Colleague: 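I'd like to ask some things about the structure below.
What you see is a predicted model; the values in this text were computed from it and never measured.
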Amino acid sequence: MEAEEEVEKISIIAENLRESEAGDQGVGLLGSEKGTSTTWKHKCASYVLALRPWSFSASLTPVALGSALAYRSQGTLDPGLLVGSAVTVLAVHGAGNLVNTYYDFSKGIDHKKSDDRTLVDRILEPQDVVRFGVFLYTLGCISAACLYCLSTLKLEHLALIYFGGLSSSFLYTGGIGFKYVALGDVVILITFGPLAVMFAYAIQVGFLSVSPFLYAVPLALSTEAILHSNNTRDMESDRQAGIVTLAILIGPTLSYVLYSTLLFLPYVIFCVLATRYTISMALPLLTMPMAFSLERQFRSQSFHKIPQRTAKLNLLLGLFYVFGIVLAPPGSLPKL
């Protein structure tokens with residue numbers, strides 16, 4: 001089932017939450033226990049919806065890529081460190097999404113036509129979003145501390161990468177609010193590309209290296225396409241709210257050019273890697289039909305679900321990229 005269909009199902013459940021809570025009142029003891037169980041299920045569904053799970057490909061694929069690069073470089077992979085890295089990055093990403101939800105709603109950017117219904121439809125209250133965000137940031141810090149105990153990476157290096165990512169996830173819309181001054185694209189490009197790949201790689205091998213930055217470029221471009229499609233879709237509402245995004249600055253025509261570049265430039269890189277080094281790097285090319293479909297949809301200015309569809313492409317592209325690296329003959333890839 002497609003990611004957007006999953007989210008829609010969760011949304012339907014969450015929208016019925018208030019009705020279920022009202023219906024639970026006045027029920028007998030046995031019925032009350034059953035109603036309470038149903039309410040908790042709906043509440044959990046609301047929290048899952050608030051995390052925007054369709055966007056998690058932007059954090060999972062960099063972790064998988066960094067771990068694959070470490071495996072190709074060292075010949076071994078620690079599953080515990082892989083899981084720990086994924087939990088840490090997902091916690092920070094989820095918390096960043098909640099910060100985005102809170103500040104967009106506070107500034108009046110989210111509205112009745114927004115995809116994020118969490119606060120607009122009062123599926124959750126603002127204080128619920130804040131508490132959940134604090135919990136996830138705390139979980140990320142605890143997970144990072146565990147990684148320090150298990151990995152040979154120096155504390156200062158781990159702290160530099162981790163707190164760099166944590167700060168970026170918060171400052172994207174909180175504090176300075178890079179998103180609102182046309183710098184959000186830069187933050188996403190760095191955080192969900194080189195920084196996340198470097199984090200997963202360094203945790204595995206125990207030291208910093210420049211090679212993950214180079215290999216992160218195709219994935220970073222694909223991830224940035226998710227954000228740019230979202231900002232292009234919301235161009236008018238963002239302008240009315242008084243914020244500035246890259247899509248607003250360059251306009252619809254150049255936004256289409258940029259989106260197409262972000263979609264197809266990774267395939268050019270994969271073609272170069274496949275022809276010069278190893279044929280396994282051609283695996284991501286299998287996702288090109290999806291890219292062409294998205295390009296046509298964007299060109300026709302039909303933006304319904306396009307961020308979610310771009311995220312699905314990002315996930316598949318990243319997985320094929322990871323498989324290509326794992327299947328590459330030892331010594332065939334440069335700097336590994």
Colleague: Looking at residues at least two apart in the chain, or sitting in another chain, which of them share a side-chain hydrogen bond (donor to acceptor under 3.5 Å, both in side chains) with Asn231?
Modeller: none
Colleague: Are Leu51 and Leu136 side-chain neighbours, meaning at least one heavy-atom pair lies under 4.5 Å?
Modeller: yes
Colleague: For the atom pair CG (Leu219) and CG (Leu65), what is the distance rounded to the nearest 0.5 Å?
Modeller: 6.0 Å
Colleague: Enumerate the ring-ring contact (aromatic ring centres under 6.0 Å, His included) contacts for residues 125-144, please, sequence neighbours excluded, ordered by first and then second residue.
Modeller: Tyr47-Phe132
Colleague: Would you name the heavy atoms of Ser260 and Glu295 that are closest together and state the gap between them?
Modeller: OG-CG, 3.8 Å
Colleague: Looking only at heavy atoms, what is the nearest atom pair of Ala202 and Leu208, with distance?
Modeller: CB-CD2, 3.8 Å
Colleague: Taking side chain to side chain contact (heavy atoms under 4.5 Å, CB included) as the definition, give me every residue that meets it alongside Val326, ordered by chain and number, with sequence neighbours left out.
Modeller: Ala68, Tyr71, Val322
Colleague: Work out which heavy atom in Leu124 is nearest to a heavy atom in Ala50; give both atom names and the distance.
Modeller: CD1-CB, 3.9 Å
Colleague: Run through Thr245, Val187, Ile188 and flag the one making a side-chain contact (heavy atoms from CB on, under 4.5 Å) with Leu227.
Modeller: Ile188
Colleague: Can you tell me how far the OG atom of Ser293 sits from the CG atom of Leu263, to the nearest 0.5 Å?
Modeller: 10.5 Å
Colleague: Do you know the tightest heavy-atom contact between Ala182 and Leu249?
Modeller: CB-CD1, 3.6 Å
Colleague: Only counting residues at least two apart or in another chain, list the ones meeting side chain to side chain contact (heavy atoms under 4.5 Å, CB included) with Val83.
Modeller: Val87
Colleague: To the nearest 0.5 angstrom, please state how far the CD1 atom of Ile190 sits from the OG1 atom of Thr223.
Modeller: 13.0 Å
Colleague: Please check if any side-chain donor atom of Arg52 sits under 3.5 Å from a side-chain acceptor atom of Thr101, or the reverse.
Modeller: yes
Colleague: Between Ser59 and Phe56 (side chain of the first, backbone of the second, donor and acceptor by atom type, cut-off under 3.5 Å), is there such a pair?
Modeller: yes
Colleague: Mind checking whether Leu221 and Val186 sit in one hydrophobic cluster, side chains of I, L, V, M, F, W, Y counted as touching below 4.5 Å?
Modeller: no
Colleague: When rounded to the nearest 0.5 angstrom, what is the spacing between CG in Leu273 and OG1 in Thr278?
Modeller: 9.5 Å
Colleague: Do any pairs count as a ring-ring contact (aromatic ring centres under 6.0 Å, His included) and have a residue in residues 269-296, sequence neighbours left out, and if so which ones?
Modeller: Phe264-Phe292, Phe270-Tyr321
Colleague: Once side-chain hydrogen bond (donor to acceptor under 3.5 Å, both in side chains) is applied, do any residues pair with Ser57, and if so which ones, sequence neighbours excluded?
Modeller: Asn314
Colleague: Within a strict 4.5 Å, meaning less than it, do heavy atoms of the Leu166 and Cys141 side chains meet?
Modeller: yes
Colleague: Tell me, which pairs form a ring-ring contact (aromatic ring centres under 6.0 Å, His included) where one or both residues lie in residues 218-259, sequence neighbours left out?
Modeller: Tyr259-Phe298
Colleague: In the single-linkage hydrophobic clustering (I, L, V, M, F, W, Y; side-chain heavy atoms under 4.5 Å), do Phe213 and Phe207 co-cluster?
Modeller: yes
Colleague: Applying side chain to side chain contact (heavy atoms under 4.5 Å, CB included), run through Ile176 and Leu183 and close with a yes or a no.
Modeller: CA-CA 10 Å; Ile176 298 174; Leu183 292 175; over 6 Å; no
Colleague: Under 3.5 Å, is there a donor-acceptor pair between the side chain of Thr275 and the main chain of Cys271?
Modeller: yes
Colleague: Pick one: which of Arg309, Lys305, His304 meets side-chain hydrogen bond (donor to acceptor under 3.5 Å, both in side chains) with Gln297?
Modeller: Arg309
Colleague: Might you work through the side chain to side chain contact (heavy atoms under 4.5 Å, CB included) test for Thr232 and Ile306, ending with a clear yes or no?
Modeller: CA-CA 10 Å; Thr232 304; Ile306 196 167; over 6 Å; no
Colleague: Has the side chain of Arg72 got a donor or acceptor atom that lies under 3.5 Å from a matching backbone atom of Ala328?
Modeller: yes
Colleague: If you measure from CE on Met198 to CD1 on Ile161, what distance do you get to the nearest 0.5 Å?
Modeller: 6.0 Å
Colleague: Applying side chain to side chain contact (heavy atoms under 4.5 Å, CB included), name anything that partners Ser106, two or more places apart in sequence or on another chain.
Modeller: Tyr102
Colleague: Under 4.5 Å between side-chain heavy atoms, counting indirect links through other Ile/Leu/Val/Met/Phe/Trp/Tyr residues: same cluster for Ile142 and Val134 or not?
Modeller: no
Colleague: Between Asn100 (side chain) and Thr173 (backbone), is there a donor-acceptor pair under 3.5 Å?
Modeller: no
Colleague: Got a second to check how far Ser73's OG is from Ile325's CD1, nearest 0.5 Å?
Modeller: 11.5 Å
Colleague: Nearest heavy-atom pair of Pro218 and Leu214: which atoms, and what distance?
Modeller: CD-O, 4.1 Å
Colleague: Using a 4.5 Å cut-off on heavy atoms from C-beta on, say whether the side chain of Ser67 contacts that of Leu77.
Modeller: yes
Colleague: Can you pull the ring-ring contact (aromatic ring centres under 6.0 Å, His included) pairs that have at least one residue in residues 160-200, sequence neighbours excluded?
Modeller: His93-Phe192
Colleague: Grouping I, L, V, M, F, W and Y whenever their side-chain heavy atoms are under 4.5 Å apart, do Leu262 and Ile248 come out in a common cluster?
Modeller: no
Colleague: Given the rule in the side chain to side chain contact (heavy atoms under 4.5 Å, CB included) test, do Leu69 and Gln204 qualify, once you have shown the distances and angles that lead to the verdict?
Modeller: CA-CA 10 Å; Leu69 292 170; Gln204 289 286 342; over 6 Å; no
Colleague: List for me each residue that meets side-chain hydrogen bond (donor to acceptor under 3.5 Å, both in side chains) alongside Thr287, sequence neighbours excluded, and say none if there are none.
Modeller: Tyr267
Colleague: Under 4.5 Å between side-chain heavy atoms, hopping through other hydrophobics if needed: is there a path connecting Leu319 to Ile226?
Modeller: no
Colleague: For residues Pro62 and Ala196, report the shortest heavy-atom separation together with the two atoms involved.
Modeller: CB-CB, 3.5 Å
Colleague: May I have the step-by-step check of side chain to side chain contact (heavy atoms under 4.5 Å, CB included) for Val92 and Thr191, ending in yes or no?
Modeller: CA-CA 11 Å; Val92 173; Thr191 305; over 6 Å; no
Colleague: Looking at residues at least two apart in the chain, or sitting in another chain, which of them share a side-chain hydrogen bond (donor to acceptor under 3.5 Å, both in side chains) with Ser209?
Modeller: Ser211
Colleague: Just grab all the side chain to side chain donor-acceptor pair (under 3.5 Å) pairs involving residues 139-152, residues at least two apart or on different chains.
Modeller: Thr88-Ser143
